[in-house]
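Since the structure is predicted, the reported quantities are computational estimates derived from the model, not experimental observations. Reckoned from all heavy atoms, side chains included, excluding hydrogens, waters and symmetry mates.
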Amino acid sequence: MTYHPKSDFISVMMERGFIADCTDYQGLDDALLAGAQPGYIGFDATAKSLHVGSLIQIMMLRWLQKTGHKPITLMGGGTTKVGDPSFRADERPLLTPAAIDDNIAGIRQVFSAYLEYGDAPTDALMINNAEWLDDLNYLDFLRDIGRHFSINRMLSFDSVKSRLDREQSLSFLEFNYMILQAYDFLELNRRYGCILQMGGSDQWGNIVNGVDLTRRVLGRDVYGLTSPLLTTSDGKKMGKSQSGAVWLNAEMLSPYEFWQFWRNTTDADVGRFLKLYTELPVDECDRLGALEGSEINEGKIRLADEVTTLLHGAEAAASAQATAREVFEKGGVGGDLPTLTLSAEELGDGISIVQLIVKSGLAGSGKEAKRLIAEHGARMDDAPLTDAGLMIDAAALSSPIKLSAGKKRHALVQLG
């Protein structure tokens with residue numbers, strides 16, 4: 001649909017490519033024009049860090065705040081005890097309350113890089129849905145909330161239907177998830193005046209449920225907005241790299257490796273990613289994205305710098321770029337490279353090069369490391385590695401050695 005928004009927030013969302021669908025463009029636009037409005041996104045605490053797949057949602061909250069509204073980061077302390085079945089082939093492992101609290105503390109660090117928290121009208125709030133879910137009375141909940149949900153309709157949502165079509169078990173616990181998520185929206189509206197829920201397009205069914213429930217129980221209009229589920233131009237799911245998830249917490253992925261992930265963006269994705277993940281003007285994003293040949297590297301470096309600056313700060317971005325230049329252009333050893341420090345006990349009489357490649361994170365398994373060597377993709381101190389049986393001893397580690405997988409992934413190994 002072609003809609004011409006008047007509010008700054010929807011204008012930015014449309015112009016930069018954030019919107020997949022909206023429950024009511026006109027109603028949301030009018031509400032946003034009436035003053036500062038709270039809007040939220042829910043994040044389940046299944047790990048100590050979010051990964052880059054969540055960054056599009058975090059940027060939506062950042063733009064909501066930058067255009068004069070109030071972002072709410074809803075932590076799923078309650079719903080994480082259930083697990084979201086959306087588009088999963090299996091049931092999530094259940095976490096203990098202590099593990100969930102630990103994960104929430106880790107995730108909180110990321111949000112503070114993008115959002116301003118506090119008590120002012122547009123300051124962000126962090127809320128845990130355990131606040132209302134932990135003390136629910138089951139019979140009251142069934143009577144007051146459950147009666148508004150049609151099983152027929154719930155079975156029709158793609159997230160549930162896809163599991164049933166594959167004849168995979170969907171537990172009653174998971175089936176309740178969409179009711180709990182809808183109830184979150186109702187409670188956020190009741191307690192904080194929240195009028196907007198955002199999420200990825202896989203959350204559309206859950207969001208629509210919350211809009212309907214809030215209207216039925218409280219008689220209030222609220223709105224839903226979804227972003228497209230992002231894949232890279234070569235069809236890979238956003239947030240994964242060759243060496244695993246691209247985490248947002250620095251202790252789980254170094255700023256250098258984070259910078260390098262963006263530097264390695266496929267040519268065709270540069271313009272689109274600049275619009276979604278940076279705050280550069282749209283015409284500048286288009287200019288950089290349209291560069292061709294080796295000139296597109298200017299766009300990739302700018303993308304890596306801007307995204308890393310937002311998350312880790314300008315100093316970390318500059319340091320990452322300097323390390324990359326030293327490693328790639330001069331063949332040197334940059335001080336920011338991911339580093340594996342071995343103790344004398346770990347080293348013993350020697351350690352195989354295959355084990356070192358795995359331990360340094362350049363390969364996921366010994367089999368993968370051996371294949372890397374066999375295909376001439378592994379190097380040590382910039383010299384090709386050809387012998388998968390090579391042993392590295394204390395003498396070889398008298399100074400740090402640089403291991404490389406392909407042209408773009410490097411790590412240092414040193415003796416502690």
Side-chain angles (χ1 to χ4, degrees), residues 1-3 5 9-10 13-14 16-29 31-32 37-44 46 50 53-61 63-64 71-74 76 79-80 82-89 92 129 145 148-166 168 170 174-189 194-217 220-231 237-239 276:
M1 114 170 226
T2 304
Y3 179 75
F9 178 66
I10 298 182
M13 290 293 98
M14 283 187 158
R16 300 186 81 94
F18 279 96
I19 298 181
D21 217 337
C22 179
T23 56
D24 177 1
Y25 281 103
Q26 186 68 60
L28 177 58
D29 209 17
L32 293 172
Q37 299 290 355
Y40 90 98
I41 297 177
F43 299 86
D44 272 349
T46 50
L50 298 172
S54 298
L55 202 47
I56 188 168
Q57 265 76 54
I58 296 171
M59 289 300 292
M60 289 170 87
L61 289 170
W63 280 113
L64 187 72
I72 295 174
T73 46
L74 181 70
T79 35
T80 302
V82 176
D84 181 3
S86 295
F87 298 95
R88 284 183 62 89
R92 285 185 189 275
N129 66 8
I145 303 301
H148 295 292
F149 288 83
S150 155
I151 293 287
N152 310 55
R153 186 154 182 256
M154 290 166 78
L155 290 172
S156 73
F157 286 120
D158 286 344
S159 56
V160 172
K161 203 161 169 283
S162 62
R163 280 277 282 276
L164 298 179
D165 287 348
R166 293 194 299 268
Q168 282 160 334
L170 179 71
E174 292 177 290
F175 194 55
N176 271 273
Y177 185 92
M178 63 175 74
I179 300 179
L180 295 177
Q181 186 170 328
Y183 185 63
D184 281 346
F185 201 175
L186 183 152
E187 282 295 336
L188 284 170
N189 180 266
C194 183
I195 65 150
L196 173 64
Q197 181 183 175
M198 299 180 286
S201 56
D202 61 337
Q203 295 297 315
W204 178 251
N206 291 338
I207 291 172
V208 168
N209 274 332
V211 170
D212 288 349
L213 181 66
T214 306
R215 189 181 64 247
R216 286 168 185 265
V217 176
R220 297 176 189 165
D221 288 328
V222 292
Y223 309 95
L225 186 73
T226 57
S227 61
L229 282 185
L230 271 196
T231 54
K237 191 175 178 183
M238 190 66 186
L276 291 171

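If you take CG on Asp212 and CZ on Phe185, they are separated by 10.5 Å, rounding to the nearest 0.5 Å. Atom-to-atom distance recorded for Leu196:CG and Tyr223:OH is 10.0 Å, nearest 0.5 angstrom. Atom CG of Asp184 sits about 12.5 Å away from atom CD1 of Ile179, to the nearest 0.5 Å. Atom-to-atom distance recorded for Arg220:CZ and Asn189:CG is 5.0 Å, nearest 0.5 angstrom. In this structure, Gln203 CD and Leu229 CG are separated by 9.0 Å, a value rounded to the nearest 0.5 Å.
Side-chain atoms of Gln181 and Gln197, non-hydrogen and from C-beta on, do get closer than 4.5 Å to each other. Two residues are said to be in side-chain contact when any heavy atoms from C-beta on lie closer than 4.5 Å; Glu187 and Asn129 fail this criterion. Inter-residue side-chain proximity for Leu28 and Ile195 is flagged as met; some heavy-atom pair is nearer than 4.5 Å. Within the 4.5 Å cutoff, the side chain of Met198 has no heavy atoms near those of the Ser227 side chain. Using a 4.5 Å heavy-atom cutoff, the side chains of Ile58 and Leu50 are in contact.
Listed by chain and number, the residues in a side-chain contact (heavy atoms from CB on, under 4.5 Å) with Pro5 are Tyr3, Ile10, Ser11, Met14, Asp29 (sequence neighbours excluded). In this structure, the side-chain contact (heavy atoms from CB on, under 4.5 Å) partners of Thr226, at least two apart in sequence or on a different chain, are Ala20, Asp21, Ser201, Trp204, Ile207. Residues meeting the ring pair (Phe, Tyr, Trp, His ring centres under 6.0 Å) test with Phe9, sequence neighbours left out: none.
In this structure, Cys194 and Gly39 approach most closely via the heavy-atom pair SG-CA, 3.8 Å. Between Thr73 and Phe43, the shortest heavy-atom distance links the atoms CG2-CE1, 4.5 Å. Heavy atoms only, all atoms of each residue included: Ile72 and Leu61 are closest at O-CD2, 4.0 Å.
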Start with the C-alpha distance between Phe18 and Leu276, add both sets of side-chain angles, then the distance that settles side-chain contact (heavy atoms from CB on, under 4.5 Å), and finish with yes or no.
CA-CA 7 Å; Phe18 279 96; Leu276 291 171; 3.9 Å; yes
Test side-chain contact (heavy atoms from CB on, under 4.5 Å) on Phe149 and Leu213 and set out the steps. CA-CA 8 Å; Phe149 288 83; Leu213 181 66; 4.0 Å; yes
- Task: In sequence, state the C-alpha distance, the side-chain angles, and the governing distance for Asn209 and Arg153, and then conclude on side-chain contact (heavy atoms from CB on, under 4.5 Å).
- Result: CA-CA 10 Å; Asn209 274 332; Arg153 186 154 182 256; 3.6 Å; yes
| task | Carefully, step by step, assess Asp221 and Arg215 under the rule side-chain contact (heavy atoms from CB on, under 4.5 Å). | result | CA-CA 6 Å; Asp221 288 328; Arg215 189 181 64 247; 4.2 Å; yes
